Amino acid sequence: MPPAVRPGHPELHPFSRPSTREMEEWIAITPHWSGGGESVAGGGVVKQESDRQDRGDSVDRFVGDLRRLRDDREVPPTWDAMVHRARMNGVRVSKSTLHKVAKLEALPSELAVRGYLTALGVDHAEIERWVARRTALVTPPGEQNAAEFTSRPPGQPRWRWWAAVAVTLLITNVVTGFVVHRVSTPEPVTAPTTKPTSASAATGDNPLDTPCLDDAKVATSTNKNPEFLLEIVFSVRCRAAWARITRADDSPLGNHVEVAIYRRSDPHGDTRQEAVEPDVKSAFTTLIVRADPTDRLCAIGAVVTRDDRSAAAEPICV
């Protein structure tokens, strides 16, 4: 509905559609807003181009700008480092979610955007601006407020308009009563299932932040490559595993290690967990939850010394 009438404005009746002349007088003495959105003229609604449309914003541009925040850095942070930084700031986000933000062409969810920006150390005010920009791509400005300017169609008798309002209110009350009745009616109690849970652990979680450490054990390992020890650590409680690699030499500085764990049925899927850590003797991946006990989990690894990369001859699996 139009703004409240201020002193000096033509008197507009709240339940009738103003005439063209009344609207022209009202517009003539009302300061115009040039920030986009909607304006009223001639008794109707005129939609203007938003700032986002003026600058040609789009999902592709939004996603591209988001990725450049990481890619344009001199040394882009690893996914593991980003997950750790986000959790240090109170945002739980998995590595697979961050990876999707950087690889998919679709508009990421608001949670994914917040997690990605937090993981890059972006301050709160800037994050809110990114979220507002994403919201503008989902809901064009002014679209939600357009309905506020609707009124009784011209020429329609007042009693018919009020009758339509009364019917609408009646239908709304009936629907509300039905919903309240359904909500207040208790659901039948079913017997608890005995299917084990993942103990609040999810794929992409850091094992150090989960209860999986309580019963974690080395399920399999290999040192066929004498330059490192490759292991798969498994937690029965969480039904999850992670891979770990440990160098056999004392040359971590200036070099790095690589380790990955994946489902053998989907070795390059979104659930694959990887870690590439420089200047360390040992490194481990984030969790991968095994929902299907018949689906085997496998790990590979490698150590890099200067320009020499020494990888495992074959993966190990559990």
Side-chain angles (χ1 to χ4, degrees), residues 35-37 49-145 198 200-210 238 240 242 258 260-263 265-277 285-291:
E49 290 295 321
S50 66
D51 292 338
R52 175 178 61 82
Q53 292 168 328
D54 290 340
R55 69 171 184 266
D57 203 2
S58 65
V59 172
D60 290 341
R61 176 170 292 186
F62 178 84
V63 173
D65 292 345
L66 200 61
R67 292 171 182 168
R68 278 190 288 275
L69 290 179
R70 176 177 180 268
D71 296 341
D72 288 350
R73 299 193 176 189
E74 184 176 352
V75 181
T78 65
W79 300 116
D80 291 325
M82 290 176 67
V83 169
H84 179 71
R85 185 168 195 171
R87 288 178 182 171
M88 291 294 290
N89 286 276
V91 178
R92 291 184 62 86
V93 62
S94 68
K95 187 167 65 173
S96 60
T97 297
L98 297 178
H99 191 264
K100 288 178 181 178
V101 172
K103 298 299 181 184
L104 297 183
E105 298 300 328
L107 183 68
S109 66
E110 179 179 330
L111 178 61
V113 171
R114 289 185 181 276
Y116 189 83
L117 294 172
T118 302
L120 289 173
V122 178
D123 62 62
H124 178 73
E126 183 65 19
I127 290 176
E128 293 304 320
R129 284 191 286 271
W130 276 92
V131 171
R133 180 180 169 189
R134 178 197 175 277
T135 302
L137 290 171
V138 177
T139 306
E143 190 170 285
Q144 294 180 343
N145 297 327
S198 60
S200 301
T203 296
D205 284 351
N206 187 332
L208 300 181
D209 298 333
T210 68
C238 296
W242 61 96
E258 304 169 3
I261 188 170
Y262 54 87
R263 289 189 171 91
S265 61
D266 188 18
H268 300 289
D270 292 340
T271 57
R272 180 186 177 99
Q273 306 298 308
E274 300 176 337
V276 178
E277 299 294 340
T285 68
T286 46
L287 290 177
I288 180 171
V289 175
R290 184 168 66 178

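Remember, it's a predicted structure, so these values are computed and weren't measured experimentally.
Minimum interatomic distance between Leu287 and Ala240 (heavy atoms only, all atoms of both residues): CD2-CB, 4.1 Å. Considering every non-hydrogen atom in both Thr97 and Ala112, the closest pair reads CG2-CB, 3.8 Å. Minimum interatomic distance between Ser94 and Thr203 (heavy atoms only, all atoms of both residues): CB-O, 3.6 Å. The shortest heavy-atom contact between Pro108 and Val101 is CB-CG2, 4.1 Å. Here the closest heavy-atom approach between residue Ala106 and residue Val63 is recorded as O-CG2, 3.7 Å.
Residues Gln273 and Trp242 are not in side-chain contact: their nearest non-hydrogen atoms beyond the backbone lie 4.5 Å or more apart. Side-chain contact between Arg133 and Arg61 is present, with at least one heavy-atom pair separated by less than 4.5 Å. Side-chain contact between Glu277 and Thr78 is present, with at least one heavy-atom pair separated by less than 4.5 Å. Counting heavy atoms from C-beta outward, Thr271 and Ser96 have side chains that stay 4.5 Å or more apart.
Looking only at distances, a side-chain donor or acceptor of Arg73 sits under 3.5 Å from a matching main-chain atom of Leu69. Although no hydrogens or angles enter the test, the distance criterion places no donor-acceptor pair under 3.5 Å between the side chain of Arg114 and the main chain of Ile127. Under a 3.5 Å cut-off, the side chain of Arg70 and the backbone N or O of Ala102 do not form any donor-acceptor pair. Between the side chain of Thr118 and the backbone N or O of Gly115 there is no donor-acceptor pair closer than 3.5 Å.
Glu274 meets the salt bridge (Lys or Arg N to Asp or Glu O under 4.0 Å) test with Arg272; sequence neighbours excluded.
Between the CG atom of Asp72 and the CD atom of Glu74 there is a distance of 12.0 Å, given to the nearest 0.5 Å. Atom-to-atom distance recorded for Arg67:CZ and Tyr116:OH is 8.0 Å, nearest 0.5 angstrom. Atom CZ of Arg134 is separated from atom CG of Leu107 by 4.5 Å, given to the nearest 0.5 angstrom. Atom NE2 of His124 sits about 10.5 Å away from atom CZ of Arg129, to the nearest 0.5 Å. The line from CG of Leu66 to CG of Leu120 is 8.0 Å long, rounded to the nearest 0.5 Å.
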Donor-acceptor list for residues 80-87 side chains, cut-off 3.5 Å, not counting sequence neighbours:
residue : atom : partner : partner atom : Å
Asp80   : OD1  : Lys95   : NZ           : 3.3
Arg87   : NH2  : Asp205  : OD1          : 2.8

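Using cut-offs of 30° and 60° for the angle between ring planes, the Trp79 and His99 rings count as perpendicular.
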Practice problem: Start with the C-alpha distance between Asp65 and Arg68, add both sets of side-chain angles, then the distance that settles salt bridge (Lys or Arg N to Asp or Glu O under 4.0 Å), and finish with yes or no. | Solution: CA-CA 5 Å; Asp65 292 345; Arg68 278 190 288 275; 2.4 Å; yes

